[in-house]
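The shown structure was predicted, so the numbers you read here are calculated from the model rather than taken from an experiment.
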Amino acid sequence: MLHGPDGGGNRIRALRRLYIGWYTISGMGAFVLRVDRDGEEPVYVQIARQLREAIGSGQLEAGSPLPSVRALASDLGVNLNTVARGYRLLEDEGFVELRDREGAVVAPPARRAPKSTREGFTAALRELAARMRQAGLSRDEIEASMRRALEGGGSGSGGS
Amino acid sequence: MEQAVLHGVAVATVALSAGFLFLYPRLARRGLLFGAYVGPERADSDDARAIAAGWYRDVTILAVVAVVLTVALAAAFPKSPASLAPSGLLGIPAFFVYLRAHRRARELACGVVAPPSVAAIGAAPVAPTRLPWIALAVAVVLGVVAFVHASIHYPSLPERIPTHFGATGQPDAWSKKSAATVFLMPVTALALGIVTSGAAVMTTKAKRALRTEQTATSAWAQSRFRNAMARFLAVVGLFTSGLLTSLTIESIDVARGARASLGWTTTLGAIALVVFTLGGAIYLAVRYGQGGARLEGSAAKAPLADGLADDRSWKLGLFYYAPDDPSFFVEHRFGLGYTINFGNRWAVAALVGYLLFMLAIVVVAFTST
């Protein structure tokens with residue numbers, strides 16, 4: 001009789017916390033998708049944007065499976081077409097592969113970008129840099145935020 | 001003596017129902033007030049307490065009136081079961097009392113923003129249980145066996161066949177042989193087995209409405225709860241089809257004179273089904289809590305899940321109607337288990353089909369005996 005009834009209860013509670021805690025840690029890789037159905041941004045854009053950010057920051061690695069369209073639509077309570085549209089957008093951008101059997105899977109980065117794609121990104125970057133400069137960011141600040149973006153970290157916003 | 005027991009049961013039922021109605025505001029989820037999402041803060045406000053006080057007052061009046069009516073009916077008609085009427089009809093005024101509290105809670109909920117819809121992606125996955133599919137296959141096989149057994153022996157059955165059996169398994173009621181009386185049982189075996197295991201299959205795909213904090217744990221707990229609930233339903237389905245199939249075969253064997261009474265397995269199976277159903281429901285409630293809330297270590301204060309907080313999808317605070325949501329089953333906002341999405345055509349069709357089938361069974365059973 002080393003433990004009174006209370007001691008036993010505490011031990012069970014501690015074990016239970018450990019048990020729950022293990023799943024919390026094992027679920028740490030998980031990221032949380034939040035959808036505001038009344039927001040101005042269309043829901044499929046919200047889904048695509050958050051998945052893109054999670055893939056970009058490495059929270060979702062290449063090859064990791066995404067939930068099926070039906071499962072995600074059910075959990076979020078949105079239309080099947082909305083989720084499918086978000087996935088298709090990501091497929092077009094090369095973030096996601098839609099496979100028949102496994103469903104949607106995070107795609108690995110492409111081996112080599114074609115010339116037209118490169119030129120498009122260069123133009124977009126040039127425009128972004130101009131806007132950042134105009135908004136009052138210094139050259140150093142722009143470079144630092146570019147580096148942070150490449151490393152996958154947020155700059156105060158984004159991340160979960 | 002028997003009548004006294006009946007009147008006692010009537011009073012006890014009223015007392016139990018009233019007790020449940022009294023407990024209702026305490027059992028409801030955090031942030032939810034009489035079927036309206038008012039948020040955790042407003043749920044503790046004086047306005048919320050005033051609405052609850054109104055509910056307690058109305059329920060007290062209802063309970064007193066129901067007890068007085070029951071006693072009066074028992075005194076006026078001591079030899080009839082009329083005293084059971086108030087307990088049976090208590091639900092109707094209770095529903096209106098609920099609606100009144102619900103309408104006031106809706107006003108209080110004005111301007112409260114429901115939490116956003118949330119899904120966990122990449123969390124440690126919990127594989128859905130396969131037991132419901134096995135139960136479905138077994139239900140089909142057993143149902144077909146029962147049906148074939150009835151078809152083979154139908155021509156050789158006597159004109160008078162037993163339709164009811166006493167506790168000892170001896171037949172105690174007979175009726176004229178007809179397709180309805182002979183095939184009622186195997187068709188019911190097939191249908192109930194398919195419905196129960198089908199519901200179990202859909203339960204493994206039910207909506208996971210995640211709680212606001214601890215999303216990964218919540219996703220895990222909800223998946224575990226879904227599986228537990230699906231296994232429970234699958235085993236109930238297995239029991240039901242096994243029981244009805246053995247009942248079909250044995251009662252046909254009694255009718256054709258191959259045996260004198262039902263075997264002890266049928267009686268034992270019936271008792272086991274009741275024990276398992278009640279015990280399983282209590283076990284699920286204690287071990288998992290609603291939606292797996294107890295696995296999250298927050299049994300006392302389980303908050304309302306995100307997906308269940310949006311009042312626009314909850315008609316009268318009770319019925320989930322979301323035409324965009326592809327979910328078939330969603331968690332009950334109150335109580336243990338799942339309810340259908342009334343905005344899902346398939347779910348509504350399944351419910352209507354099931355109700356029509358049960359009605360048909362009752363009609364056939366009454367007209368043929």
Tell me which of these, A/L80, A/L51, A/D36, has more heavy-atom pairs under 4.5 Å with chain B than the rest. A/L80

Under 4.5 Å heavy-atom distance to chain B, tell me which part of A/L72 shows up: side chain, backbone, both or neither. side chain

Cut-off 4.5 Å, heavy atoms of chain B, and the answer for A/A71 is neither

Any sub-3.5 Å donor-acceptor pair from B/S117's side-chain atoms to A/L76's backbone N or O? yes

Any donor-acceptor N or O pair under 3.5 Å, side chains B/D47, B/S45: no

Heavy atoms only: give me the nearest B/V348-B/N341 pair and the separation to one decimal. CG2-O, 4.4 Å

Whatever's closer than 4.5 Å to a heavy atom in chain B on A/V78 counts as backbone

Does A/Y44 form a side chain to side chain donor-acceptor pair (under 3.5 Å) with A/N81? I'd like the steps, not just the answer. CA-CA 9 Å; A/Y44 82 95; A/N81 294 328; over 6 Å; no

